[in-house]
Chemist: 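Dumping the structure here so I can ask a few things about it.
Just so we're on the same page: letters track the sequence lines, and every chain starts at 1.
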Amino acid sequence: MSMAGHRRIIMHVDVNSAFLAWQATYDLQRGSTLDLREIPSAVGGNQAERRGIILAKSTPAKKYGVETGEVLWQALQKCPSLVVVPPNYDLYMKCSNALYAVLEEYSPKVQRFSVDEVFMEYTNMQPHFGEPVEAAHRIKDRIRKELGFTVNVGIGPNKLTAKMAGELKKPDMVHTLMTREEIEKKMWPLPVRELFMVGRQTEKKLKLMNIYTIGELARADRKFLCDKLKSFGNVVWCYANGLDESPVHAGYNLIMKGIGNSTTIKHDVDTHEDAYKVLLSLTESVSLRLRAARACCRVISVEFRTDQLQGYSHQRKIFAATNVTMEIFGVVKELFDEGWKGEKLRHLGVRVTDLTADDFMQMTVFDQEQKDKKMALDAAIDRIRSRYGNSAVMRAVFADGNFAPMMGGSGAEDYPVMSSIL
DNA sequence: TCTGGGGTCCTAGGACCC
DNA sequence: TCTGGGGTCCTAGGACCC
């Protein structure tokens with residue numbers, strides 16, 4: 001909440017080619033003489049495990065037309081010399097934490113927006129750290145020197161303008177979008193697709209209205225847009241005009257809305273037995289994270305993706321909130337049986353939503369003793385796993401080694417992800 | 001030779017209630 | 001025997017973000 005007439009100053013810090021830069025930094029610190037950022041390179045999933053897409057690319061790779069999200073073999077056609085390294089999520093989490101720790105020194109209000117993006121409230125911080133642009137340069141240079149990777153810093157009167165400023169030109173730059181004039185000059189000429197929240201579908205609809213640039217969207221009739229795009233029309237119109245009042249949510253105090261894990265399976269699954277193994281594995285990691293967050297869930301959903309890449313889902317609200325692995329798994333099995341249309345499945349997911357705090361767990365009328373036992377078992381397994389690692393305890397169904405006992409979730413701490421409305 | 005995994009929010013339609 | 005209308009809850013699907 002900002003007082004009327006009070007001018008906020010928000011900074012957005014965005015790591016340049018985060019996954020790739022972090023890997024390169026790590027390699028250099030361990031004595032490598034090759035900087036991945038200086039050659040055509042990418043972080044990519046494992047093709048043999050059918051996860052072969054580009055997760056991040058170097059600037060030289062970008063010059064060959066390599067794009068994030070594209071399938072590996074296509075990227076290799078464009079750039080045969082492309083060096084592809086596997087992802088390392090634990091490393092990313094460590095680098096992200098290090099970045100966050102530095103930024104916390106400059107403001108009491110720092111919001112983790114994603115693993116590689118942070119919003120920082122700089123309002124009223126000038127007496128301590130100087131004018132915003134100078135401070136941003138110092139912060140940026142300090143991160144490069146101390147942590148070894150570069151960031152862009154965007155500065156604006158709200159989160160939207162700060163974020164858009166940070167995207168203007170990369171890498172290792174500071175940009176501002178403080179005034180109406182700056183917005184019109186720097187942001188309005190950009191293709192409308194570059195506006196936060198304008199994806200492929202919205203771009204297509206806007207084109208049909210003859211809107212191609214952010215400026216054209218900003219000057220379009222608001223009522224007309226609401227007519228065509230419903231409430232979303234208002235959102236994008238405001239964003240195009242640099243309007244946004246959303247607060248910076250400091251630290252972890254945002255409530256998580258849901259926890260999910262999903263996985264692409266090495267071989268298509270077409271039996272209940274195999275699907276159950278995958279689903280149990282996913283349920284294990286979801287419920288572990290749920291308990292770590294000291295939460296229970298009231299909605300459980302199972303997500304399907306077929307070998308034809310057709311996706312669908314099935315969910316149910318349960319009577320009493322729970323975080324007991326085998327209770328959740330019981331519902332997951334039911335949902336799978338009801339939802340599965342019998343196709344070959346390449347991908348399965350488990351997600352829990354409608355979370356509540358676990359401190360006053362609703363007493364179940366029946367079988368309280370049974371429930372206590374299950375909760376004690378989960379707690380004991382969680383303790384062993386946190387002490388000796390996730391593979392220290394394994395359910396017997398996984399003993400044949402065909403499926404991993406804990407799929408998804410890196411064990412890294414969870415933090416709230418920003419909402420799409422900023 | 002195919003297209004990851006983690007999220008959030010919005011909308012539409014049906015069930016159900018008064 | 002009649003079919004108005006408002007409200008809430010639930011589920012599925014779609015759009016977007018990184």
Chemist: Should the pair Lys163(A)-Glu117(A) be classified as a salt bridge under the 4.0 Å nitrogen-to-oxygen rule?
Modeler: yes

Chemist: Report, one pair per line, the protein and nucleotides 1-4 of chain B atoms (nitrogen or oxygen only) whose separation is under 3.5 Å.
Modeler:
{"from": "dT3(B)", "atom 1": "OP1", "to": "Arg50(A)", "atom 2": "O", "distance (Å)": "3.2"}
{"from": "dT3(B)", "atom 1": "OP2", "to": "Arg346(A)", "atom 2": "NH1", "distance (Å)": "2.9"}
{"from": "dT3(B)", "atom 1": "OP2", "to": "Arg346(A)", "atom 2": "NH2", "distance (Å)": "2.7"}
{"from": "dG4(B)", "atom 1": "OP1", "to": "Arg346(A)", "atom 2": "NH2", "distance (Å)": "3.3"}
{"from": "dG4(B)", "atom 1": "OP2", "to": "Arg305(A)", "atom 2": "NH1", "distance (Å)": "3.0"}

Chemist: Compare side-chain N and O positions of Ser313(A) against OP1 and OP2 of dT11(C) and report whether any pair is under 4.0 Å apart.
Modeler: no

Chemist: Listing time: all N or O pairs from protein to nucleotides 7-9 of chain C that are below 3.5 Å?
Modeler:
none

Chemist: Send over the distance from Phe196(A) CZ to dC18(C) P, rounded to a whole Å.
Modeler: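 Checked: the CZ to P distance equals 6 Å.
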
Chemist: Can you tabulate the close N/O pairs, meaning under 3.5 Å, that link protein atoms to atoms of nucleotides 12-16 of chain B?
Modeler:
{"from": "dA12(B)", "atom 1": "OP1", "to": "Lys230(A)", "atom 2": "NZ", "distance (Å)": "2.7"}

Chemist: Remember a base hit wins even if backbone is also touched, and classify Gly349(A) as base, sugar-phosphate or nothing at under 4.0 Å, heavy atoms.
Modeler: nothing

Chemist: Tell me the ring-ring contact (aromatic ring centres under 6.0 Å, His included) pairs involving residues 42-67 of chain A, sequence neighbours left out?
Modeler: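 Of all non-adjacent pairs touching residues 42-67 of chain A, none passes ring-ring contact (aromatic ring centres under 6.0 Å, His included).
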
Chemist: Do the side-chain N or O atoms of Asn261(A) get closer than 4.0 angstrom to the phosphate oxygens (OP1, OP2) of dG5(B)?
Modeler: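 Answer is no, no contact under 4.0 Å.
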
Chemist: Has the side chain of Asn152(A) got a donor or acceptor atom that lies under 3.5 Å from a matching backbone atom of Gly166(A)?
Modeler: yes

Chemist: Determine the contact category for Gly45(A): base if any of its heavy atoms lies under 4.0 Å from a base atom, sugar-phosphate if only primed atoms, P, OP1 or OP2 are that close, otherwise nothing.
Modeler: nothing

Chemist: Enumerate the salt bridge (Lys or Arg N to Asp or Glu O under 4.0 Å) contacts for residues 68-84 of chain A, please, sequence neighbours excluded, ordered by first and then second residue.
Modeler: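 As it turns out, the salt bridge (Lys or Arg N to Asp or Glu O under 4.0 Å) pairs with a partner in residues 68-84 of chain A, which skip direct neighbours, are Glu70(A)-Lys78(A).
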
Chemist: Expressed in angstrom and rounded to an integer, what is the separation of Lys266(A) atom NZ from dG5(B) atom P?
Modeler: 13 Å

Chemist: Any ion pair linking Glu327(A) and Lys374(A) (charged N to carboxylate O, less than 4.0 Å)?
Modeler: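 Salt bridge between Lys374(A) and Glu327(A), a charged N being under 4.0 Å from a carboxylate O: yes.
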
Chemist: Which pairs, with at least one residue in residues 228-238 of chain A and sequence neighbours excluded, count as a side chain to side chain donor-acceptor pair (under 3.5 Å)?
Modeler: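 Listed by first then second residue: Arg222(A)-Asn234(A).
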
Chemist: Whole Å only: how far is the CG atom of Leu195(A) from the C1' atom of dC17(C)?
Modeler: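 Taking atom C1' of dC17(C) as the reference, CG of Leu195(A) is at 13 Å.
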
Chemist: Can you tell me the distance, in whole Å, between the CE atom of Met93(A) and the C1' atom of dG5(B)?
Modeler: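 Answer to the nearest Å: 15 Å.
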
Chemist: What is the distance from CG of Leu348(A) to P of dG5(B), rounded to the nearest Å?
Modeler: 11 Å

Chemist: Taking Arg346(A) first and then Asp307(A), would you say they form a salt bridge - that is, a charged N and a carboxylate O separated by under 4.0 Å?
Modeler: no

Chemist: Please give the distance between the P atoms of dC17(C) and dT1(B) as a whole number of Å.
Modeler: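 Here dC17(C) and dT1(B) have their P atoms 33 Å from each other.
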
Chemist: Roughly, in whole Å, what's the span from CG in Leu282(A) to P in dG5(B)?
Modeler: 10 Å

Chemist: Using whole Å, what does the distance between atom P of nucleotide dT11(B) and atom NZ of Lys228(A) come to?
Modeler: 17 Å

Chemist: Please report, to 0.1 Å, the donor-acceptor pairs under 3.5 Å made by any side chain of residues 188-201 of chain A, with sequence neighbours excluded.
Modeler:
{"from": "Trp188(A)", "atom 1": "NE1", "to": "Ala240(A)", "atom 2": "O", "distance (Å)": "3.0"}
{"from": "Arg193(A)", "atom 1": "NE", "to": "Val198(A)", "atom 2": "O", "distance (Å)": "3.1"}

Chemist: Where each pair must be Watson-Crick or G-U wobble with both distances under 3.5 Å, what dot-bracket representation of DNA chain B is obtained, with crossing pairs in [ ] and other-strand partners as |?
Modeler: ....||||||||||||||

Chemist: Report yes if the distance between the aromatic ring centroids of Phe19(A) and Tyr92(A) is under 6.0 Å, otherwise no.
Modeler: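 Distance test on ring centres: under 6.0 Å, yes.
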
Chemist: For Arg142(A), give me all partners under salt bridge (charged side-chain N to carboxylate O under 4.0 Å, His left out), at least two apart in sequence or on another chain.
Modeler: Glu105(A), Glu146(A)

Chemist: Using 4.0 Å as the upper bound for N to carboxylate O, is an ion pair formed by Asp382(A) and Arg387(A)?
Modeler: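 The answer is no: the pair does not qualify as a salt bridge.
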
Chemist: How would you list all residue pairs meeting ring-ring contact (aromatic ring centres under 6.0 Å, His included) that involve residues 136-166 of chain A, not counting sequence neighbours?
Modeler: Trp22(A)-Phe149(A)

Chemist: If you assign each of Thr353(A) and Ser231(A) to its closest nucleotide in DNA chain B, which residue comes earlier from the 5' end?
Modeler: Thr353(A)

Chemist: Which residues pass the salt bridge (charged side-chain N to carboxylate O under 4.0 Å, His left out) test with Asp35(A), not counting sequence neighbours?
Modeler: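 So Asp35(A) forms a salt bridge (charged side-chain N to carboxylate O under 4.0 Å, His left out) with Arg37(A).
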
Chemist: Categorize Ser301(A) for me: base, sugar-phosphate, or nothing, with a 4.0 angstrom heavy-atom threshold over every strand shown.
Modeler: nothing

Chemist: Of all residues at least two apart in sequence or in a different chain, which pass the salt bridge (charged side-chain N to carboxylate O under 4.0 Å, His left out) check with Arg144(A)?
Modeler: Asp141(A), Asp172(A)

Chemist: May I ask you to say whether Glu49(A) pairs ionically with Arg51(A), meaning some side-chain N is under 4.0 Å from a carboxylate O?
Modeler: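 Salt bridge: yes.
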
Chemist: Quickly work out the Asn152(A) CG to dC18(C) C1' distance and round it to whole Å.
Modeler: 16 Å

Chemist: For a quick check of understanding: with a heavy-atom distance under 4.0 Å over all strands, which category does Val299(A) fall into, base, sugar-phosphate or nothing?
Modeler: nothing

